[in-house]
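Take a look at the structure below.
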There are 2 protein chains.
Amino acid sequence: MGISDRKEREKTELRSLILKAAKKLFLEQGIEKTSIRNIADAIEYSPGTIYHYFQDKDSIFHEIHTEGFQELGKRMAILHEVENPFERLKAMGKIYIKFAFENTDMYDLMFLKQAPMDFLEKMDCEWDEGQATFDVLRHTVQSCMEQGYFKDQELEAVTFMVWSAVHGMVTLNLRHRCKVVNAHTPDEIVHVSFQAFIKLIEQQQ
Amino acid sequence: MGISDRKEREKTELRSLILKAAKKLFLEQGIEKTSIRNIADAIEYSPGTIYHYFQDKDSIFHEIHTEGFQELGKRMAILHEVENPFERLKAMGKIYIKFAFENTDMYDLMFLKQAPMDFLEKMDCEWDEGQATFDVLRHTVQSCMEQGYFKDQELEAVTFMVWSAVHGMVTLNLRHRCKVVNAHTPDEIVHVSFQAFIKLIEQQQ
DNA sequence: AATATATTTGAACACTGTTTAATAAACCAA
DNA sequence: TTGGTTTATTAAACAGTGTTCAAATATATT
């Protein structure tokens with residue numbers, strides 16, 4: 001069945017060509033300015049062709065969002081080297097913030113944009129990417145609790161709180177709501193308030 | 001000058017008629033589905049007329065965003081009755097979360113959407129609405145610090161951290177990222193993690 | 001009444017995501 | 001090689017978007 005194999009290969013090739021062009025345009029100009037016609041132009045196909053490989057725009061951006069989680073996962077991998085749970089939690093926060101700063105549009109797509117969630121809703125799928133990342137955080141928080149951090153607190157609540165705090169800092173910056181802060185630039189305030197958050201947890205000990 | 005007075009009056013009347021229709025449509029269907037043509041239809045004028053009263057769509061939604069801050073301000077007003085600073089901080093968080101839950105699209109516009117910030121950028125204006133709200137929070141945090149909370153922390157960093165934590169919880173819920181949490185519904189987790197955050201601050205004392 | 005000003009309009013421009021009928025290409029069996 | 005079938009690709013169309021602008025209408029002033 002070598003022929004149908006090649007056909008299959010050609011099909012996935014054009015599919016990934018579309019995806020590659022979409023990602024390039026997306027990283028250059030964001031989701032709103034990346035239109036189906038732009039993507040079609042970039043790969044020199046008609047707009048209609050794209051709908052033979054993807055059911056809609058949301059599905060394309062869901063796949064790009066997944067690539068974002070792969071990149072974040074890669075960066076998180078070094079955390080295995082950090083033995084101390086609380087040090088690991090701190091390092092995790094720093095990696096998360098660094099990722100957000102260096103991939104603003106990607107972070108936006110992963111944690112703010114409707115598109116990937118709309119796709120999951122339509123397909124009746126779970127948010128596996130978010131789930132896996134949250135699981136890693138939960139595990140680290142649990143280890144911290146076993147060492148006496150977050151005394152008398154509930155694991156799930158603390159984990160979500162930690163995520164929320166960092167996500168909040170990052171998104172207020174991303175969406176230009178940090179102008180109201182004195183004495184710090186928008187980029188600075190994210191870092192100093194993260195340190196303040198860490199200090200708050202540490203001082204409990 | 002009675003005639004020009006009446007003309008002035010009529011002009012502001014149509015202006016606020018546009019605004020009223022825009023707000024109604026916005027609260028019913030969100031910003032994306034509220035088009036200039038929708039608004040024009042609702043008030044039975046042509047689309048072009050709207051551009052004699054507003055320079056663009058962003059300016060309309062900046063004004064609606066301001067109304068949102070007025071509503072939030074009204075709700076915050078009862079905080080004057082809460083003497084204890086930390087109780088006031090807790091109450092403030094609860095009001096903020098309640099507002100976000102009861103006015104999801106408005107919260108989105110106020111703290112997430114690009115439109116009002118794009119308008120301020122174009123007009124070279126300050127974000128007065130956000131500034132005023134942040135000032136109230138800063139003042140409350142300062143009072144808390146004077147009572148021994150947030151020991152050895154910087155005021156600005158702590159204030160932004162508190163805002164970020166609550167904003168993070170609210171927006172992760174708003175943008176449907178809470179599915180990953182176990183044992184709690186998306187709505188529940190916001191409340192329990194807020195309690196966890198309060199506990200974290202309290203336990204320092 | 002004629003002129004000047006202000007307001008309103010509808011059409012146009014350049015876009016958007018998506019669907020579809022028609023066409024072209026590739027494949028397979030006789 | 002031919003004929004039939006499947007697959008891939010396209011252009012055009014649909015219904016929408018924000019915005020601009022010349023022209024038409026309405027109002028006010030001289």
Side-chain angles (χ1 to χ4, degrees), chain A residues 1-19 21-22 25-26 29-64 109 113-116 118-119 121-123, chain B residues 1-19 21-22 25-26 28-64 109 113-119 121-123:
Chain A
M1 308 300 138
I3 291 168
S4 62
D5 273 13
R6 201 208 62 213
K7 293 225 75 185
E8 190 90 4
R9 221 164 48 234
E10 280 176 3
K11 216 178 162 177
T12 60
E13 259 167 41
L14 184 46
R15 201 191 133 89
S16 64
L17 191 69
I18 293 167
L19 222 46
L25 289 169
F26 165 70
Q29 329 167 304
I31 191 169
E32 255 77 54
K33 292 194 173 180
T34 304
S35 70
I36 298 293
R37 282 175 182 81
N38 288 160
I39 301 167
D41 279 359
I43 59 169
E44 293 174 297
Y45 276 83
S46 79
T49 301
I50 289 169
Y51 286 87
H52 269 256
Y53 295 86
F54 295 93
Q55 68 167 230
D56 56 20
K57 201 185 172 182
D58 285 349
S59 92
I60 295 174
F61 283 96
H62 172 265
E63 208 141 312
I64 292 174
L109 181 64
K113 284 267 147 57
Q114 222 73 258
D118 285 353
F119 174 79
E121 203 72 36
K122 272 179 287 190
M123 300 280 96
Chain B
M1 307 295 142
I3 290 166
S4 62
D5 273 12
R6 198 209 63 211
K7 293 223 78 185
E8 189 89 5
R9 222 164 48 235
E10 281 177 1
K11 216 178 162 176
T12 60
E13 258 167 42
L14 184 46
R15 201 191 133 89
S16 63
L17 190 69
I18 293 168
L19 223 46
L25 288 169
F26 164 70
E28 280 168 8
Q29 330 167 304
I31 191 168
E32 255 78 53
K33 293 194 172 180
T34 303
S35 70
I36 299 293
R37 282 176 182 81
N38 288 160
I39 301 167
D41 279 358
I43 59 168
E44 292 174 297
Y45 275 83
S46 79
T49 302
I50 290 169
Y51 286 86
H52 269 256
Y53 296 86
F54 295 93
Q55 68 167 232
D56 56 19
K57 201 186 173 183
D58 284 350
S59 92
I60 296 174
F61 282 95
H62 172 264
E63 207 141 315
I64 292 174
L109 182 64
K113 284 268 145 59
Q114 223 73 259
M117 296 299 126
D118 285 352
F119 175 78
E121 203 72 36
K122 272 179 286 190
M123 300 279 96

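- Residues L109(A) and I64(A) share a closest heavy-atom pair of CD2-CG2, 3.8 Å.
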**Report entry** Steps toward side-chain contact (heavy atoms from CB on, under 4.5 Å) verdict (Y53(B), L19(B))
**Finding:** CA-CA 10 Å; Y53(B) 296 86; L19(B) 223 46; over 6 Å; no

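- Under 4.0 angstrom from either OP1 or OP2 of dA8(D) there lies no side-chain N or O belonging to Y51(A).
- Nearest heavy atom pair, residue I39(A) against residue A21(A), reads CG2-CB, 4.3 Å.
- Using a 4.0 Å heavy-atom distance criterion, N38(B) is classed as a sugar-phosphate-only contact.
- Taking 4.5 Å as the limit, every side-chain heavy atom of M123(A) sits out of range of all side-chain heavy atoms of H62(A).
- For the pair I36(B) and I60(B), the tightest heavy-atom approach, listed with the atom from each and the gap, is CD1-CD1, 4.1 Å.
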Query raised in the report: Taking it one step at a time, do E32(B) and Q114(A) satisfy side-chain contact (heavy atoms from CB on, under 4.5 Å)?
Result: CA-CA 12 Å; E32(B) 255 78 53; Q114(A) 222 73 258; over 6 Å; no

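- Whole-Å rounding puts the R37(A) CZ to dC14(D) P distance at 14 Å.
- The separation between E13(A) atom CD and dA8(D) atom P is 13 Å, rounded to whole Å.
- In terms of position along DNA chain C, the nucleotide closest to K33(A) lies nearer the 5' end than the nucleotide closest to the other residue of the pair Q55(A) and K33(A).
- Here dT19(D) is the nucleotide among dT19(D), dT18(C), dT10(D) with the atom lying nearest to any side-chain atom of P47(B).
- dT7(D) atom C1' lies 13 Å from atom CG of L14(A), rounded to whole Å.
- The CG atom of L25(B) sits 16 Å away from the C1' atom of dG18(D) (whole-angstrom rounding).
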Report summary line: Secondary structure of DNA chain D per the Watson-Crick/G-U criterion (both distances under 3.5 Å; [ ] crossing, | other strand, . unpaired) is ||||||||||||||||||||||||||||||

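- Atom CD of Q29(A) has more than 12 heavy atoms from other residues, nucleotides or ligands within 6.0 Å.
- Of the candidates dT9(D), dG18(D), dT18(C), the closest approach to any side-chain atom of I36(B) belongs to dG18(D).
- S35(B) comes within 4.0 angstrom of sugar-phosphate atoms only, judged by non-hydrogen atoms across all strands, and of no base.
- The distance from atom OH of Y45(A) to atom P of dA24(C) is 17 Å, rounded to the nearest whole Å.
- Regarding I60(B), its CD1 atom lies at a distance of 11 Å from the C1' atom of dG18(D), rounded to whole Å.
- I50(A) places its CD1 atom 9 Å from the P atom of dG17(C), with the value rounded to the nearest Å.
- Rounded to whole Å, the distance from CD on E32(B) to P on dC15(C) is 20 Å.
- At least one side-chain nitrogen or oxygen of S46(B) sits closer than 4.0 Å to the OP1 or OP2 atom of dT9(C).
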